[in-house]
Amino acid sequence: MTLTTLNFINGEWVSAQNGSFIRSINPSDLNEVVGTIADSTIEDLDDAVQAAKRAGVSWRKLSAVDRGNFLHKAADILENNVDEIAEIATREMGKVLHEMKGEVKRGVAILRYFAQEGMRQTGEVLPSAQSNNFLYTKRVPIGVVGIITPWNFPVAIPLWKIAPALIYGNTVVFKSASETGITAAKLVEVFNQAGIPGGVINFINGKGSVIGQGMVEHNDIHAISFTGSNEVGKQIAIGMAARGAKYQLEMGGKNPVIVLEDADLDLAANLTVLGAMKQTGQRCTATSKAFVQRSVYDRFKERVIEKVQSLKVGPGLFNGIDMGPLASKNQLDSVVDYIDKGLTEGATLLAGGRIPMGSECKNGFFIEPTVFGNVTNNMVIAKEEIFGPVLCLIKVESLDEAIELANDNMYGLSASLFTKDLAKAFIFADQIEAGLVQINGETGGAEPQAPFGGMKASSSHSREQGQAAKEFFTTIKTITITP
Ligand code: UN1
């Protein structure tokens with residue numbers, strides 16, 4: 001079954017003006033074309049932006065409670081379509097089906113959280129120096145918001161940007177990664193079925209270099225929220241700053257866990273492996289390196305190897321699979337390159353490192369879950385984001401040394417400490433340079449009501465989700481009424 005995805009502009013599904021298409025391929029089986037998506041031009045983008053601009057006039061006038069009702073409806077529709085949407089996403093980007101179903105359910109929770117946001121506080125009353133004056137603030141929409149999302153969370157990330165954009169009264173031009181364009185179209189159709197007025201959400205497919213760049217340069221796009229690579233994020237920041245527009249960037253990570261000698265080693269090993277290998281390591285929050293105290297290094301290492309070797313690799317739609325393929329040829333080439341670098345730099349390959357041989361893996365972008373030991377913090381594999389199932393083990397003497405080494409990195413997204421010592425947990429929480437801190441937990445994960453984002457090069461220093469979303473998707477008016 002091949003699916004065709006058009007653009008969605010002003011409440012209607014329309015072809016790109018030049019009629020060309022990009023193919024979406026199943027990374028578990030390259031013989032399967034999941035579908036085709038429109039390869040749009042700047043003219044198509046402009047149609048979408050103009051539609052969003054026109055729709056904004058009445059959308060922002062609706063009460064936030066009424067806007068929330070559309071999100072409630074969308075949540076119900078999404079909930080009824082978990083299986084279908086998860087299956088399409090798994091075929092497009094390879095994530096194992098049960099993880100993908102979990103993500104679609106997370107999408108439902110995100111919609112419900114932001115639907116309720118229409119009933120929460122939007123401003124403050126402040127005392128004025130003039131006793132009779134009424135001084136208050138009000139949050140108002142920014143206008144037309146561009147949303148650019150990656151393929152690795154094809155449901156949750158678009159929704160955690162689109163839902164707050166809409167509830168606060170903005171209209172949206174949405175561009176998903178081409179790899180997951182069909183999943184994205186299904187999400188847009190959920191909003192369409194929820195009866196959202198035409199033009200409030202517009203969906204435009206195409207190449208990042210054309211449509212993403214076009215959004216950055218379009219004067220009627222007042223803000224862009226982006227999740228993806230640092231390289232692209234930097235270009236967005238430069239372009240948006242140049243025309244004085246707002247931007248929000250969520251980018252890479254190189255997320256450490258620290259395992260102390262008093263930790264529950266089974267728990268630490270299980271969650272380190274889960275954090276590193278879940279979603280084939282293709283999460284900006286994936287666990288990338290473990291700093292392990294010398295006295296427990298060997299015991300921890302044995303547990304990690306055993307756990308990693310028990311993981312079953314194969315197509316995400318098959319039963320009993322723990323780890324699917326990488327999402328694309330570029331991804332596979334890049335991960336293989338990092339594994340080669342690790343070997344060249346003198347790290348010890350403890351597990352994996354090869355393309356799996358099983359017949360179910362022969363047509364896809366598969367790689368074994370990989371663990372390196374004897375890694376030092378200045379090796380390339382310990383410094384750069386790999387975005388694949390590769391874990392580095394590094395021996396340390398103490399918590400202080402581990403924190404110092406963990407902080408010696410350009411990224412600061414998430415970090416985790418395994419210990420039973422509460423005092424050490426607080427030291428870690430205070431001193432680690434990470435936006436998301438876990439004690440005895442996995443580095444990944446996010447809850448819709450909590451701020452999400454990283455320090456240093458991991459973000460543009462704003463946060464997504466929870467009440468933090470308001471900071472980006474609104475702007476403040478300060479109003480004084482002199483009676
Ligand atoms: C999670 O860990 O569940 O692209 C969320 C990413 C992040 C989202 C991670 N922005 O991997």
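FYI, side chains are in, hydrogens and waters are out, and symmetry mates aren't considered; it's all heavy atoms of this structure. These numbers come from a predicted model, not from an experiment. Residue numbers run from 1 in the order of the sequence given. Counting starts at 1 for both ligands and their atoms, following the listed order.
- Ring geometry for W151 versus F387: interplanar angle over 60°, hence perpendicular rather than tilted (30 to 60°).
- Here E447 has no heavy atoms under 4.0 Å from ligand 1, in either its backbone or its side chain.
- Taking the ring centre of Y411 as origin, the terminal cationic atom of K254 falls outside the region bounded by 6.0 Å and 45° from the ring axis.
- The aromatic rings of F70 and W59 sit tilted, their planes meeting at an angle between 30° and 60°.
- Residue-to-ligand polar distances place R106 within reach of ligand 1: an N/O pair is separated by less than 3.5 Å.
- Side-chain contact annotation: T183 with E92, donor-acceptor N/O pair under 3.5 Å present.
- Any N or O atom pair closer than 3.5 Å counts here, and W160 shares no such pair with ligand 1.
- Salt bridge absent: K278 and E99 never bring a charged side-chain N and a carboxylate O closer than 4.0 Å.
- Annotation: atom 1 (C) of ligand 1 to nearest protein heavy atom, G445 N, 3.3 Å.
- Looking at R354 and E368, a side-chain N of the basic residue comes within less than 4.0 Å of a carboxylate O on the acidic one, giving a salt bridge.
- With hydrogens left out, the protein atom closest to atom 4 (O) of ligand 1 is N152 ND2, 3.0 Å, a heavy atom.
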Item to check | Candidate pair F452 and W160, rule ring-ring contact (aromatic ring centres under 6.0 Å, His included), full reasoning | outcome: CA-CA 10 Å; F452 177 92; W160 84 43; 5.3 Å; yes
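- The ligand atoms of ligand 1 that sit less than 4.0 angstrom from a heavy atom of F452 are 7 (C), 8 (C), 9 (C), 10 (N).
- Contact annotation: for E250 versus ligand 1, there are no heavy atoms closer than 4.0 Å.
- The closest protein non-hydrogen atom to atom 2 (O) of ligand 1 is T285 OG1, 2.5 Å.
- Any N or O atom pair closer than 3.5 Å counts here, and C284 shares at least one such pair with ligand 1.
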